[in-house]
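Below is one structure, written out as structure tokens; the observations come after it.
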Amino acid sequence: MGSLLFRRRLSRTLVPGWSDNADFSRSSWQLKFGTSYGVYQCLRKLSSSTGAKKFDFTDLTRPHTWYPNARRKRRNVILHVGPTNSGKTYHALKRLESSSSGIYCGPLRLLAWEVAQRLNKAKVPCDLITGQEREEVDGAKHRAVTVEMADVTSDYNCAVVDEIQMLGCRTRGFSFTRALLGISADELHLCGDAAAVPLIQELLKVTDDNVKVQYYERLSPLIPLKVPLGSFSNIRTGDCIVTFSRYEIYNIKKRIENGRNHLCSVVYGSLPPETRTRQATMFNDESSDFDVLVASDAIGMGLNLNISRIIFSTLRKFDGVEMRELSVSEIKQIAGRAGRYRSKFPVGEVTCLDPDDIPLLLSSLSSPSPIIEASGTFSNFDLLFMYSRLHPNYGIHQILEHFVENAKLSEKYFIADCEQMLKVAAVIDELPLSLNDKYLFTVSSVDMDDDISSQGLTQFAQSYCKNGIVRLKEIFTPGTLKVPKSHKALKELESIHKVLDLYVWLSFHMEDSFPDRELAASQKAICSMIIEEFLGRDGWQKPNLRKLRHSPLKSLSG
């Protein structure tokens, strides 16, 4: 839940006596808490008022008022909308490149990295800021960030928010809403699907911004095939087979490579970002032997891929809640990756493995994406903090749970799914930490559905609670950790990478207490290289589906 994050480490206390602190200046409040001075003033008034409980901290009906910097401007908002491979983001980035100052906000670290590289190569100094990376360039007045790290306290000449249709995402939508409402820029360029246009126009009626919509057409043809692939013997160079489980990805990879005509790169969500990038690079490299890609829907955004033909192995996926058919927008987003403009394959094709899936594929590609009806939102820390003052005996889990249950929303907003936060909060509430510290752990970038990641967070929090500092022991000693030979071992490596990623994230938000950032980063690099070594071998074995009984994380911290 990155948009709720602090830019600097929070105080270890709940700031006792803050209402009497007449010397607590505007700048020091913003520096320490990353929150608005107006809320600080509100806190001071409420703390001395006997009627504080009359203020409804659960009222989220006017989120545009949370961003006074943006409301001081009448922004020029330009929506660049169209299908994949239409040049919409290209035109927005050209404007960013020519601006005196600016910010790019993307949905993925890979996209932020790519834009930072592009601007720096064009002699426009640009910082890279994500939850796990900080690369600062001398004299930079531009920055490329993941959308959760969007800065709503600074002023920019130009801002770009990519994949803006994700404001309708049940888990991350609130971060895009925050960027839409909160970025203070003379020009705000929004890139994405036309399905988001009516909602954005409605949300911005109350901000008094100037809104203009620019529509784009696809630059290269995309041809839906009415005949299924039939057999893996019909695979050809430039093909990408899309499926939705790790086991199926490696099963398909092995079946194709057993034909001895092709080698396959793989891309899926739980691979380390660096590994995904290098796998994509090998696939794009015409001199490489890896000429076929087997991937999940992770290819839908964030990677430039020279794909000739997209082949869906299935049009059903498990979304964390249920097994369902892919939506129209998901099918179009993935299929549109075929036929990249000015690439080796300028004409894209798309088909399926299963002939029964062809009708859904064809109907989806010929249909507009359903209009997005509502935008995600969530409380900022200010409101949660004030709410906690009314319920001093509540833990962070109770505060979040009660806040979500009682939140008041307008019809154009929905409250973000905070299931992962609640899972962390249930663990963290067992420890004697301040609300501030509990909050930081709760919004950290952890996957609580991954046993090893969950254990890593628990160890870090317990060590922090006990010692106030968390030292990271070397997990890997070069030469002693062998390349995995099974699905189970590969999954463990991917999970360890997530734990290392979590340590780096915590080190940026609690720097004094997590001092081993460089060690964690170097171990992440080793982990990525070992995973890539596995990907280059024909060592796939059917996974052991029994629950992991022994964790490889005996002790990450000490």
Side-chain angles (χ1 to χ4, degrees), residues 1-4 35-36 38-39 42-43 46 52-75 77 79 81 105 107 147-148 150 152 159 161 163-185 188 190 192-213 329 369-388 390-391 399-419 421-422 443:
M1 308 289 282
S3 73
L4 304 172
T35 56
S36 70
V39 174
C42 179
L43 283 168
L46 288 170
K53 291 188 178 181
K54 295 180 181 179
F55 190 92
D56 188 356
F57 301 128
T58 62
D59 186 351
L60 308 183
T61 58
R62 293 167 52 83
H64 66 284
T65 63
W66 301 349
Y67 310 104
N69 275 12
R71 299 293 77 79
R72 293 189 189 102
K73 293 185 178 220
R74 191 175 190 191
R75 304 176 301 176
V77 180
L79 282 82
V81 296
C105 306
V147 68
E148 284 81 4
V152 296
V161 181
E163 305 293 351
I164 188 61
Q165 75 278 355
M166 287 187 69
L167 52 71
C169 176
R170 64 185 177 89
T171 55
R172 297 183 66 197
F174 72 95
S175 296
F176 290 84
T177 304
R178 175 177 175 270
L180 170 68
L181 299 177
I183 292 179
S184 179
L188 176 60
L190 309 173
D193 195 305
V197 170
L199 176 60
I200 292 172
Q201 290 173 324
E202 186 68 25
L203 297 182
L204 295 185
K205 282 182 179 179
V206 295
T207 64
D208 198 34
D209 294 322
N210 295 311
V211 181
K212 176 183 176 183
V213 184
S329 57
S369 298
I371 297 298
I372 299 171
E373 301 289 345
S375 184
T377 191
F378 200 82
S379 168
N380 54 29
F381 178 76
D382 304 320
L383 293 177
L384 289 178
F385 175 78
M386 291 189 283
Y387 190 70
S388 74
L390 303 182
H391 304 281
I399 290 170
L400 286 170
E401 194 172 50
H402 282 235
F403 196 97
V404 169
E405 288 175 357
N406 294 287
K408 298 172 182 63
L409 304 166
S410 68
E411 62 178 6
K412 293 299 180 182
Y413 292 98
F414 64 89
I415 197 77
D417 182 345
C418 60
E419 180 183 354
M421 290 180 68
L422 289 170
V443 299

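When a residue number appears, it is its place in the shown sequence, counting from 1. Computed from heavy atoms alone, side chains included, the values below leave out hydrogens, waters and symmetry copies.
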>> Testing the basics here: between Glu373 and Lys412, what is the closest heavy-atom pair and its distance to 0.1 Å?
In response: O-CD, 3.8 Å
> Within a reach of under 6.0 Å around CD of Glu411, are more than 12 heavy atoms found that belong to other residues, nucleotides or ligands?
Replying inline: no
>> To the nearest 0.5 Å, what is the distance between SG on Cys169 and CG on Asp417?
In response: 9.0 Å
>> Please report the interatomic distance CG(Asp56) to CE(Met386), rounded to the nearest 0.5 Å.
In response: 10.5 Å
>> Tell me whether Glu163 contacts the main-chain N or O of Pro107 through its side chain, where contact means a donor paired with an acceptor under 3.5 Å.
In response: no
>> Between Asn406 and Phe57, is the side chain to side chain contact (heavy atoms under 4.5 Å, CB included) condition met? List the steps.
In response: CA-CA 10 Å; Asn406 294 287; Phe57 301 128; over 6 Å; no
> Does the pair Val147 and Met166 meet the rule for a side chain to side chain contact (heavy atoms under 4.5 Å, CB included), with working shown?
Replying inline: CA-CA 11 Å; Val147 68; Met166 287 187 69; over 6 Å; no
> Any Lys/Arg nitrogen of Glu148 or Arg178 sitting under 4.0 Å from an Asp/Glu carboxylate oxygen of the other?
Replying inline: no
>> Quick check on side chain to side chain contact (heavy atoms under 4.5 Å, CB included): which of Ile200, Thr207, Val206, Leu199 does Leu203 satisfy it with?
In response: Leu199
>> Is it the case that the side chains of Thr177 and Thr377 hold a donor-acceptor pair, with the cut-off being a distance below 3.5 Å and no angle test?
In response: no
> Is there a donor-acceptor contact under 3.5 Å from the side chain of Arg74 to the main chain of Asn210?
Replying inline: no
> Closest approach of Pro370 and Ala195, non-hydrogen atoms and distance?
Replying inline: O-CB, 3.3 Å
> Do the rings of Phe403 and Tyr387 sit parallel, tilted or perpendicular, given the 30° and 60° boundaries?
Replying inline: perpendicular
>> Within this structure, what is the NE2-CD1 distance for the pair His391 and Ile399, rounded to the nearest 0.5 Å?
In response: 8.5 Å
> Is Trp66 close to Leu383 at the side-chain level, that is, under 4.5 Å between some pair of heavy atoms?
Replying inline: yes
>> Show the nearest heavy-atom pair for residues Arg75 and Gly182, with the distance to one decimal.
In response: NH1-N, 4.4 Å
> Does the Asp59 side chain pair with the main chain of Thr61, one donor and one acceptor, at a distance under 3.5 Å?
Replying inline: yes
>> Applying the side chain to side chain contact (heavy atoms under 4.5 Å, CB included) criterion to Leu79, which one of Ile164, Leu190, Leu188, Leu204 satisfies it?
In response: Leu190
> Passes side chain to side chain contact (heavy atoms under 4.5 Å, CB included), Leu60 versus Tyr413? Steps please.
Replying inline: CA-CA 9 Å; Leu60 308 183; Tyr413 292 98; over 6 Å; no
>> Run Cys418 and Phe378 through side chain to side chain contact (heavy atoms under 4.5 Å, CB included) and show every step you take.
In response: CA-CA 9 Å; Cys418 60; Phe378 200 82; 3.9 Å; yes
> Which heavy atom in Arg71 sits nearest to a heavy atom in Leu181, and how many Å separate them?
Replying inline: NH1-O, 2.9 Å
> Which pair of non-hydrogen atoms, one from Phe414 and one from Arg170, has the smallest distance, and what is that distance?
Replying inline: CE1-CA, 3.7 Å
> So, Lys408 versus Thr58: side-chain donor-acceptor pair below 3.5 Å or not?
Replying inline: yes
> If you look at every heavy atom in Ala416 and Thr171, which pair is closest and at what distance?
Replying inline: CB-O, 4.5 Å
> Roughly how far, to the nearest 0.5 Å, is OG of Ser379 from CG of Leu400?
Replying inline: 8.5 Å
